[in-house]
Trainee: 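To start, I am sharing the structure in question, which I have written as structure tokens.
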Amino acid sequence: MTALKRLFGEGFRVFFLAAGLFAVLAMAVWQLYLTIQALGGMMELPTAAPPQLWHAHEMIFGYASAALGGFLLTAVPNWTGAKSAPHRFIAVVAGLWLAGRVAVLASGSLPPVLVAVADLAFVPVLAAKLLAQLLKRPKPQQLIILAILTVYWIANLLVHLEWMGLTSDTVWSGLRGGLLTLAAMIMVLGGRVTPGFTRNAMVQSGREDRLPWNPMPLAGFSIAAAISLPLGYLLGLPASLLGLLALVAGAAGLVRVVLWRGLWTRDKPILWSLHLSYAINAAGLVALGLANLGQGSEIAALHLLGIGGVGGMTLAVMSRASLGHTGRALVAPGPVALAYALVPLAALARFAGSALPWLYTPAILAAGALWLLAFLLYVIALWQVFWGPRQPRKPAGRPPA
């Protein structure tokens with residue numbers, strides 16, 4: 001099998017590589033723009049939208065959609081026993097994702113309708129394949145993922161409707177809704193894999209006396225509040241109600257993660273990265289709730305969610321799944337373990353930049369540099385994993401669920 005055919009043979013390979021490369025390239029463009037601006041210069045991007053909107057959109061609907069696509073194309077067949085997507089389908093949807101990125105970047109010279117069609121095509125095609133696989137063994141807790149994916153697509157649609165001149169004041173609600181849909185997905189999927197993987201590791205090590213505790217009523221409570229939050233933003237609910245929903249979702253998430261025995265994972269980066277990013281995601285929801293109630297910066301909270309929650313969790317899951325599904329030991333390589341630590345630092349730096357105006361410019365430049373270094377390490381360390389053959393399964397290794 002050629003390396004190129006192998007790349008498109010499994011969903012995680014091409015999409016996790018694409019996510020890593022895009023995380024580097026898109027952030028490098030944004031970092032260059034901010035640096036030139038800080039030096040008093042001007043840099044024009046070929047986008048129709050202002051650079052800050054391009055940056056926000058592409059992190060939420062570009063980088064994150066690649067990470068989601070790779071995870072779901074890999075995980076759903078495992079959950080249901082359905083046949084994995086063929087390499088031709090994976091190549092087509094990867095092409096759709098790439099077309100969306102190119103169209104949004106070049107939107108300044110393209111008709112807005114064409115940009116919207118190119119960018120909005122990926123998720124429905126992906127969702128149709130996932131639905132066919134999920135119907136092989138339908139379960140409500142798995143079908144809910146498609147509902148969240150639908151809300152994610154609607155949020156992106158609202159952005160494009162304003163860019164096409166068909167609505168007003170829907171770009172920011174769409175961006176917030178998209179980011180909070182990703183936060184909700186972390187509450188659902190992160191709330192499943194984090195205690196599950198920790199439990200597996202504890203059992204394998206013979207430590208079965210105090211396994212992670214994941215009470216379903218608490219899980220349901222946190223997930224319901226988290227899913228309601230992006231819907232509330234898209235529907236334009238009052239800030240006080242949005243703040244309450246965010247506080248409930250975040251506080252419940254923090255209680256959950258405390259019960260998952262995270263301290264036991266302190267010498268296992270491939271596990272503590274899941275715990276830490278889930279906790280930051282929950283803390284970001286709490287910060288957002290407080291901001292909606294007039295306490296703190298909303299932009300700071302949103303970046304805590306986007307960088308530390310979404311960025312941290314996707315990095316942790318992508319690296320783990322790539323190692324596990326290629327037969328490698330579930331031990332993070334040194335550069336990847338360092339990347340796990342750099343992303344939370346980037347989140348803290350960006351949070352400080354918004355919370356402390358006098359620190360704004362150096363903080364956001366530091367955050368961008370830390371993000372760039374983290375994803376460069378990820379891409380370089382796992383390059384051969386994405387392109388290379390599957391290794392014989394090691395007895396102690398288990399692929400992600």
Trainee: Please test Leu17 against Trp387 for side-chain contact (heavy atoms from CB on, under 4.5 Å), starting from the C-alpha separation and ending with a verdict.
Mentor: CA-CA 9 Å; Leu17 175 59; Trp387 292 89; 3.5 Å; yes
Trainee: Could you check whether Arg266 makes a cation-pi contact with Trp264, meaning its NZ or CZ is under 6.0 Å from the centre of the six-membered ring and within 45° of the ring axis?
Mentor: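 Arg266 over Trp264 ring: no.
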Trainee: Taking atom types as modelled, find out whether Ser107 and Trp163 have a side-chain donor-acceptor pair closer than 3.5 angstrom.
Mentor: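 Note: Ser107 and Trp163 side chains miss the donor-acceptor criterion.
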Trainee: Got Pro77 and Lys83 here, is their nearest side-chain heavy-atom distance under 4.5 Å?
Mentor: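 When only atoms from C-beta onward are counted, Lys83 and Pro77 do not touch, as no gap falls below 4.5 Å.
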Trainee: Rounded to the nearest 0.5 Å, what separates atom CD1 in Ile223 from atom CE in Met187?
Mentor: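 Rounded to the nearest 0.5 Å, the CD1-CE separation comes to 7.5 Å.
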Trainee: Measuring from Met164:CE to Leu157:CG, what's the distance to the nearest 0.5 Å?
Mentor: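 If I round to the nearest 0.5 Å, the distance is 6.5 Å.
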Trainee: Applying ring-ring contact (aromatic ring centres under 6.0 Å, His included), name anything that partners Trp30, two or more places apart in sequence or on another chain.
Mentor: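 Once residues adjacent in sequence are excluded, the partners of Trp30 under the ring-ring contact (aromatic ring centres under 6.0 Å, His included) criterion are Tyr33, His55.
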Trainee: Give a yes or no answer on whether the side chain of Gln37 reaches the backbone of Met42 with a donor-acceptor pair at less than 3.5 Å.
Mentor: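 Not at all, since once roles are kept as given, no pair shorter than 3.5 Å links the two residues.
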Trainee: If I compare all heavy atoms of His87 with all of Gly9, which pair ends up nearest, and what's the gap?
Mentor: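 Heavy-atom minimum between the residues: CB-CA, 4.0 Å.
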Trainee: Between Leu179 and Met59, is a side-chain contact (heavy atoms from CB on, under 4.5 Å) present by the stated rule, with each step listed?
Mentor: CA-CA 9 Å; Leu179 176 57; Met59 289 295 101; over 6 Å; no
Trainee: Can a donor-acceptor pair be found, under 3.5 Å and without considering hydrogens, that links the side chain of Ser222 to the backbone of Ala219?
Mentor: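 The answer is yes, because a donor-acceptor pair under 3.5 Å joins these two groups.
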Trainee: Between the main-chain N or O of Gln142 and the side-chain N or O of Trp79, is there a donor-acceptor pair closer than 3.5 Å?
Mentor: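 Such a contact is absent between Trp79 side chain and Gln142 backbone.
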Trainee: If you define the side chain from C-beta out and look only at heavy atoms, does anything of Leu259 sit under 4.5 Å from Asn214?
Mentor: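 Not touching, per the 4.5 Å side-chain cut-off.
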Trainee: Main chain of Gly327, side chain of Arg390: is a donor-acceptor contact present, judged purely on distance under 3.5 Å?
Mentor: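 Looks like no, no N/O pair under 3.5 Å.
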Trainee: Atom CG of residue position Leu39 - does it have more than 12 heavy atoms of other residues, nucleotides or ligands inside 6.0 Å?
Mentor: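 Yes, enclosed.
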Trainee: Side-chain contact test, heavy atoms from C-beta onward, threshold under 4.5 Å: evaluate it for Ile154 versus Thr181 and give yes or no.
Mentor: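 No; the side chains remain at least 4.5 Å from each other.
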Trainee: Quick check: closest heavy atoms across Gly353 and Ala363, and the distance to 0.1 Å?
Mentor: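 Distance-wise, the nearest heavy atoms are CA-CB, 3.5 Å.
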Trainee: Could you give the distance from CG (Leu245) to CG (Leu229), rounded to the nearest 0.5 Å?
Mentor: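 Between atom CG of Leu245 and atom CG of Leu229 there are 6.0 Å.
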Trainee: Hey, are Ser354 and Arg350 close enough side-chain-wise for a donor-acceptor pair under 3.5 Å?
Mentor: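 Yes, Ser354 and Arg350 have a side-chain donor paired with an acceptor closer than 3.5 Å.
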Trainee: Please examine the side chains of Met202 and Pro212, heavy atoms only from C-beta on, and report whether any two atoms are closer than 4.5 Å.
Mentor: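 In short, these two side chains touch, coming nearer than 4.5 Å.
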Trainee: Can you pull the ring-ring contact (aromatic ring centres under 6.0 Å, His included) pairs that have at least one residue in residues 332-374, sequence neighbours excluded?
Mentor: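 Qualifying pairs, neighbours excluded: Tyr63-Trp371, Trp371-Phe375.
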Trainee: Can you tell if the side chain of Ile227 reaches within under 4.5 Å of the side chain of Ile144, non-hydrogen atoms only?
Mentor: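 Counting from C-beta outward, Ile227 and Ile144 do come under 4.5 Å.
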Trainee: Check whether any side-chain N or O of Arg13 sits under 3.5 Å from a backbone N or O of Val385 as a donor-acceptor pair, and report yes or no.
Mentor: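 Yes; at least one donor-acceptor contact below 3.5 Å.
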Trainee: Quick check: does any side chain N or O of Asp119 sit under 3.5 Å from a backbone N or O of Val115, one acting as donor and the other as acceptor?
Mentor: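 No, Asp119 side chain to Val115 backbone: no donor-acceptor pair under 3.5 Å.
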Trainee: Which pair of heavy atoms, one from Ala251 and one from Val286, lies closest together, and at what distance?
Mentor: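 Closest approach of Ala251 to Val286, heavy atoms only: N-CG2, 3.7 Å.
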Trainee: To the closest 0.5 Å, what do you measure between CG (Leu189) and OG1 (Thr314)?
Mentor: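 Leu189 atom CG to Thr314 atom OG1 measures 12.0 Å (nearest 0.5 Å).
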Trainee: Name every donor-acceptor pair, under 3.5 Å, that has one atom in a side chain of residues 21-29 and the other anywhere in the protein, sequence neighbours excluded.
Mentor:
none

Trainee: Do Arg88's NZ or CZ and the ring of Phe8 fall within the cation-pi criteria of under 6.0 Å and 45°?
Mentor: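 Not satisfied by the 6.0 Å and 45° rule.
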Trainee: Any side-chain heavy atom of Leu53 sitting closer than 4.5 Å to one from Val159?
Mentor: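 They are not in side-chain contact.
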Trainee: If you count every heavy atom of other residues, nucleotides or ligands that lies below 6.0 Å from Phe89 atom CZ, does the total exceed 12?
Mentor: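 Atom CZ in Phe89 is packed in, count exceeds 12.
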Trainee: Restricting to non-hydrogen atoms, name the atom on Leu382 and the atom on Leu323 that form the minimum distance, rounded to 0.1 Å.
Mentor: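 Where Leu382 meets Leu323 most closely, the heavy atoms are CD2-CD2, 4.1 Å.
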Trainee: Main chain of His275, side chain of Thr194: is a donor-acceptor contact present, judged purely on distance under 3.5 Å?
Mentor: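 Side chain of Thr194 to backbone of His275, a donor-acceptor pair under 3.5 Å: no, none is there.
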Trainee: Which atom pair, heavy atoms only, marks the closest approach of Leu234 to Gly174?
Mentor: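 Shortest heavy-atom contact: CD2-CA, 4.2 Å.
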Trainee: Could you measure the distance from the NZ atom of Lys136 to the CG atom of Leu131? Nearest 0.5 Å is fine.
Mentor: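 The NZ atom of Lys136 sits 11.5 Å away from the CG atom of Leu131.
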Trainee: Decide yes or no for Phe386 and Thr326: does some side-chain heavy atom of the first lie under 4.5 Å from some side-chain heavy atom of the second?
Mentor: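 Contact flag for Phe386/Thr326 side chains = no.
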Trainee: For Trp260, is the NZ or CZ atom of Arg192 found under 6.0 angstrom from the centre of its six-membered ring and inside 45 degrees of the ring axis?
Mentor: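 Checked: cation-pi criterion not met.
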Trainee: Is Thr167 reaching over with its side chain to a backbone N or O of Thr170, donor-acceptor style, under 3.5 angstrom?
Mentor: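 Here the side-chain-to-backbone pair does not exist.
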Trainee: Could you list all the salt bridge (Lys or Arg N to Asp or Glu O under 4.0 Å) pairs where at least one residue sits in residues 164-190, not counting sequence neighbours?
Mentor: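 Listed once each, the pairs are Arg176-Glu298.
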Trainee: Test Asn156 against His57 for side-chain contact (heavy atoms from CB on, under 4.5 Å), laying out the working first.
Mentor: CA-CA 8 Å; Asn156 196 13; His57 180 273; 2.8 Å; yes
Trainee: If you apply the rule side-chain contact (heavy atoms from CB on, under 4.5 Å), what do you find for Leu365 with Gln31, and how did you get there?
Mentor: CA-CA 7 Å; Leu365 291 176; Gln31 189 81 340; 4.2 Å; yes
Trainee: The criterion is ring-ring contact (aromatic ring centres under 6.0 Å, His included); which residues satisfy it with Trp172, sequence neighbours excluded?
Mentor: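 Result, ring-ring contact (aromatic ring centres under 6.0 Å, His included) vs Trp172: none returned.
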Trainee: Report the C-alpha distance between Phe16 and Phe71 in whole Å, list the side-chain angles of each, state the deciding distance to 0.1 Å, and finish with yes or no for ring-ring contact (aromatic ring centres under 6.0 Å, His included).
Mentor: CA-CA 8 Å; Phe16 289 172; Phe71 176 80; 7.6 Å; no
Trainee: Do Leu146 and Leu130 have side-chain heavy atoms sitting under 4.5 Å apart?
Mentor: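 Counting from C-beta outward, Leu146 and Leu130 do come under 4.5 Å.
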Trainee: State the CD1-CG distance between Ile307 and Leu342, to the nearest 0.5 angstrom.
Mentor: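 With rounding to 0.5 Å, CD1 (Ile307) is 12.5 Å from CG (Leu342).
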Trainee: Under the rule for salt bridge (Lys or Arg N to Asp or Glu O under 4.0 Å), what residues qualify as partners of Arg256, not counting sequence neighbours?
Mentor: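 Per chain and number, Arg256 pairs via salt bridge (Lys or Arg N to Asp or Glu O under 4.0 Å) with no residue.
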Trainee: side-chain contact (heavy atoms from CB on, under 4.5 Å) with Pro335: which of Leu377, Ile380, Val379?
Mentor: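 That would be Leu377.
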Trainee: I need the minimum non-hydrogen distance between Ala316 and Ser273, along with the two atoms involved.
Mentor: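 Nearest pair, atom of Ala316 first, then Ser273: CB-OG, 3.4 Å.
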